[in-house]
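All remarks here apply to the structure that follows.
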Amino acid sequence: MITSFTSQVVAELAPHVPPLPCCRAALLEGMQLTAAPDENDAGSELSTTRAVTARAALQTLHADHRPAHVERVRAPRRSRYRVVAGGKPEAAAGDGSCCARSRLRGAFLAGGAVSQPDAAPQLEILCASSAGAEWLCRDAVGLGVSAVALTRRGRPLLAVRSAEGVAALLSSIGAQTGRLRFEEGRVVRDLRSQVNRSLNSETANLRRTVAAAVLQARAIRRLSDDQERWQALPPALREAAVLRQRHPRDSLDRLAGRAGCSRSAMADRLRRLLVTADLDGGRGRR
Ligand SMILES: [Zn+2]
């Protein structure tokens, strides 16, 4: 589910190096929680397919005055970027909300994905272990985001599946532009479903109107073909039949206006025409 919106959010988050040493450690920690262990990556801080994420890790390490560089590992399908560093972090990551945000941001930078703003809301961060997914989940819940840690096809992940949750998580990790775009997409999505609903109901109404008009025309033909029955009709019904025949496209209101009766009286007359012509499907006799 790597969408173009995912890339936009990653690009928005990547340039910001946390100002506090504890949060810089948390950012790298979050990135490492998502990396699947690989024997080729031994000795590196991070291995990722996202060049922009490798660069963000490098800047964070440099802000800690640690010697670090990125190695590009060419692979048949997609190159990987290994971030190799020396030295020690200036501080350890904490459990406060500053570090929780940074950890989630690092995790999203390395393993996060979010659906397009006008699609069903969904944000996921693939993790290397269930413990990692649960840790990120605690961070998210602590920040007021409804997230769950789960496993899909053997792969642990953090998942957020509500529009409120996705919006809150984007804000929490510092993707304010991403959050705005997400909210806009939500409006578009809601409007689109409203329009679809009303189009569907209009189509259904139109279909009912056409079906009724066809049935009425048939009833009137059947009655007028039989002079005896035609003459036996109450005058109000005969008038309604003649009016309907002359004005097949009239709405019930217009037809009632022509007859000088109420809408419900006209509806009743047309219904009785169907009953008299045995075209009401037996409903009138109940
Ligand atoms: Zn911190």
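Starting from 1, each residue takes its place in the sequence as its number. All of these numbers come straight from a predicted model, not from anything done at the bench. Ligands are counted one by one from 1 in listed order, and the atoms in each one are counted from 1 as well.
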**Message:** Test of understanding: with salt bridge (charged side-chain N to carboxylate O under 4.0 Å, His left out), list the residues that count as partners of R272, not counting sequence neighbours.
**Reply:** D268
List the atom pairs, donor and acceptor, that lie under 3.5 Å between side-chain atoms in residues 253-263 and the rest of the protein, sequence neighbours left out.
from : atom 1 : to   : atom 2 : distance (Å)
D253 : OD1    : R263 : NE     : 3.2
R258 : NE     : D250 : OD2    : 2.5
R258 : NH2    : D250 : OD2    : 3.2
S262 : OG     : S264 : OG     : 3.4
S262 : OG     : A265 : N      : 3.1

**Message:** So, using salt bridge (charged side-chain N to carboxylate O under 4.0 Å, His left out) as the criterion, who are the partners of E134 when residues are at least two apart?
**Reply:** none
**Prompt:** Are E164 and R186 close enough for a salt bridge, meaning some N to O gap below 4.0 Å?
**Reply:** yes
**Item:** Derivation of the salt bridge (Lys or Arg N to Asp or Glu O under 4.0 Å) call for R155 and E124
**Value:** CA-CA 12 Å; R155 191 85 200 263; E124 291 179 353; over 6 Å; no
**Asked** Does V214 share a hydrophobic cluster with L270, counting links as ILVMFWY side-chain heavy atoms below 4.5 Å and allowing steps through other members?
**Response** no
**Prompt:** At distances under 2.8 Å, what protein N, O or S atoms surround the Zn ion (ligand 1)?
**Reply:** C22 SG, C23 SG, C98 SG, C99 SG
